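Count residues from 1 along the sequence. Quick caveat: nothing in here was measured; it's all calculated off a predicted structure.
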Amino acid sequence: MEHLIHSRVKNIEISGIRKFFNMVADRPDLISLTIGQPDFPTPEHVKEAGKEAIVANFTTYTHNAGFLDLREAACRFVAEKYGLSYEPDEVIATVGASQALDITFRTILEAGTEVILPGPVYPGYEPLIQLCGAKPVYVDTRANGFRLSAELIAPYLNERTRCIILPYPSNPTGVTLSEQALREIAELVKGRPIWIVSDEIYSELVYDGRHHSIAKWLHDQTIVINGLSKSHSMTGWRIGFAFAPSFVMKHMIKVHQYSVSCTSSVSQKAALAALTAGKNDAVAMRNQYKQRMEYTYDRLVRMGLQVEKPDGAFYLFPSIAPFGLSSFDFALDVVHKAGVALVPGSAFSKYGEGYVRLSYAYSFDVLKEALNRLERYIKEKQWAR
């Protein structure tokens with residue numbers, strides 16, 4: 001009966017991040033730095049709002065896009081934080097940022113169209129693009145500090161280009177784009193029949209300065225993806241947002257309606273608390289992540305590893321090219337010989353080969369022990385060479 005499975009589904013693979021995590025997860029002595037999940041609890045006032053929603057029987061369907069107060073709060077949040085201007089009919093509350101991406105691609109992509117995205121990049125985009133019959137087109141960003149630019153994008157533009165993904169701050173590298181770089185990309189695509197899908201899920205975790213969104217300069221061609229998983233440590237609540245001009249949002253809501261009807265009503269009430277009373281909840285977490293980043297970055301540099309210093313998120317992406325192993329073999333060797341799990345860079349497209357990703361969304365005690373083990377491993381490898 002397998003021949004009755006859709007060929008596009010059969011041809012996509014499980015995420016390389018999860019595949020490697022699942023493969024090594026049963027080792028009791030293992031320290032895993034693989035999963036990008038905040039290690040902070042959801043803020044208490046957000047949890048209380050969820051409890052109150054249950055007690056008050058706010059457990060029925062809501063408006064497909066989310067109840068009005070939440071959408072208004074989401075619009076105020078991005079206006080205050082990033083200078084973006086949206087009306088309540090230009091935002092959908094989604095089941096995490098992942099579902100926001102899914103309904104976006106299913107609304108704007110057609111078979112044969114192309115999507116430009118940076119390599120290396122989070123592996124969740126390619127399968128969604130392929131399920132739409134579209135083609136992912138990777139741009140090698142390694143020589144530009146893992147940052148897309150107008151100059152790098154321009155040679156890939158053609159009549160099939162439908163969309164450019166800007167996933168910044170980046171998973172897996174932690175880098176982001178400057179205001180100038182975003183302006184230049186906006187100028188390049190303005191007036192062309194091309195969408196920008198700006199995945200800004202880590203927008204509240206930018207360490208120095210303010211997060212910038214290309215939607216500020218290219219409103220009518222940009223679909224912004226965001227959510228509360230990273231900013232408010234609400235991964236399991238599954239609350240994301242898609243912001244877009246009303247002329248495309250009226251079509252996105254149709255896809256969303258027939259996909260999930262609406263996101264959890266209880267989670268929506270918790271999200272309202274996060275966006276209002278908790279609009280600055282990310283500050284304390286961000287400060288902790290920055291300290292962890294500085295510590296981890298310094299340790300990696302002192303081990304002799306080449307690594308780009310992150311601007312945000314909670315990942316580092318060091319090069320392991322000098323060791324002469326594929327990223328998968330290196331990561332597996334580190335598991336067996338050091339008891340530390342890292343994600344092979346090949347999980348993030350072919351342009352991630354020669355790197356590994358580690359998440360520093362862990363306590364200092366965990367990071368210290370993991371890095372001590374990794375350092376011993378690196379010294380042994382260097383001695384052997």
field: Donor-acceptor pair, side chain of T296 and main chain of M293, under 3.5 angstrom
entry: no
query: Can you pull the side-chain hydrogen bond (donor to acceptor under 3.5 Å, both in side chains) pairs that have at least one residue in residues 271-293, sequence neighbours excluded?
result: D39-R292, H45-D281, E80-K279, K81-N280, D208-K290
- prompt: Is the backbone of T161 close enough, under 3.5 Å, to the side chain of N158 for a donor and an acceptor to pair up by distance?
  reply: yes
Do any side-chain atoms of residues 177-186 form donor-acceptor pairs under 3.5 angstrom with protein atoms, and if so which ones, sequence neighbours left out?
residue: S178; atom: OG; partner: A181; partner atom: N; Å: 3.1
residue: E179; atom: OE2; partner: R183; partner atom: NE; Å: 3.4
residue: E179; atom: OE2; partner: R183; partner atom: NH2; Å: 3.2
residue: Q180; atom: NE2; partner: E184; partner atom: OE2; Å: 2.9

field: Other cluster members, V260 - Ile/Leu/Val/Met/Phe/Trp/Tyr, side-chain contacts below 4.5 Å
entry: V95
message: A side-chain contact here means heavy atoms from C-beta on lying under 4.5 Å apart; do T94 and F241 qualify?
response: no
- prompt: Once the angle between the rings of F323 and F330 is folded into 0 to 90°, is it parallel (under 30°), tilted (30 to 60°) or perpendicular (over 60°)?
  reply: tilted
query: With sequence neighbours excluded, what pairs up with E110 under the salt bridge (charged side-chain N to carboxylate O under 4.0 Å, His left out) test?
result: R162
Note, C163 side chain near I108 side chain (heavy atom, < 4.5 Å): yes
message: A side-chain contact here means heavy atoms from C-beta on lying under 4.5 Å apart; do Y297 and E308 qualify?
response: no
query: So which heavy atom on E72 is nearest to which on P88, and how close?
result: CG-CG, 3.7 Å
- request: May I ask you to check whether Y122 and Y125 place their ring centers less than 6.0 Å from one another?
  value: yes
message: Could you work out, with side chain to side chain donor-acceptor pair (under 3.5 Å) as the rule, every residue matching Q99, not counting sequence neighbours?
response: H256
- prompt: Who are the salt bridge (charged side-chain N to carboxylate O under 4.0 Å, His left out) partners of E375, not counting sequence neighbours?
  reply: R299, K379
- prompt: Just wondering, more than 12 heavy atoms not from Q257 lying within 6.0 Å of its CD?
  reply: yes
message: Would the distance check show the side chain of E200 and the main-chain N or O of P167 forming a donor-acceptor pair, the cut-off being under 3.5 Å?
response: no
statement: Value for NE2 (H63) from CG (L70), rounded to nearest 0.5 Å, stands at 12.0 Å
- request: Using atom types as modelled and distance alone, determine if a side-chain donor or acceptor of E126 lies under 3.5 Å from a backbone N or O of P123.
  value: no
message: I'd like to know if V121 and L109 are part of one continuous hydrophobic network [Ile/Leu/Val/Met/Phe/Trp/Tyr, side-chain heavy atoms within less than 4.5 Å].
response: yes
- prompt: Who are the side chain to side chain donor-acceptor pair (under 3.5 Å) partners of N144, not counting sequence neighbours?
  reply: none
task: List in chain and number order the residues that pass side chain to side chain donor-acceptor pair (under 3.5 Å) with S267, two or more places apart in sequence or in another chain; answer none if no residue qualifies.
output: S264
Pairwise salt bridge (charged side-chain N to carboxylate O under 4.0 Å, His left out) hits with a residue in residues 48-71, at least two apart: E48-K51
query: In chain order, what residues pass the side chain to side chain donor-acceptor pair (under 3.5 Å) check against T173, with sequence neighbours excluded?
result: S170
field: salt bridge (charged side-chain N to carboxylate O under 4.0 Å, His left out) pairs, two or more places apart, involving residues 237-256
entry: none
- request: Tell me, please, which residues at least two apart from R210 pass salt bridge (charged side-chain N to carboxylate O under 4.0 Å, His left out).
  value: none
- prompt: If you draw the axis of the six-membered ring of Y377, does the NZ or CZ of K337 fall within 45° of it and under 6.0 Å from the ring centre?
  reply: no
field: For Y168, the option from D199, I214, V175, V206 that meets side-chain contact (heavy atoms from CB on, under 4.5 Å)
entry: V175
query: Can you tell me if E114 uses its side chain to pair, donor with acceptor, with the backbone of A134 under 3.5 Å?
result: no
- prompt: Under 4.5 Å between any side-chain heavy atoms of Y360 and Y295, yes or no?
  reply: no
query: Quick one: is the NZ or CZ of K230 closer than 6.0 Å to the six-membered ring centre of F314, and within 45° of its axis?
result: no
- prompt: Can you tell if the side chain of F146 reaches within under 4.5 Å of the side chain of P120, non-hydrogen atoms only?
  reply: yes
message: Between L342 and Y362, is there shared hydrophobic-cluster membership here, with clusters defined by ILVMFWY side-chain heavy atoms closer than 4.5 Å?
response: yes
query: Would you say the side-chain atoms of T141 pair up with the backbone N or O of G119, donor to acceptor, closer than 3.5 Å?
result: yes
query: So, do I116 and L157 sit near enough that their side-chain heavy atoms are less than 4.5 Å apart?
result: yes
task: Evaluate the side-chain proximity of S233 to M285: yes if any heavy-atom separation is below 4.5 Å, no if none is.
output: yes
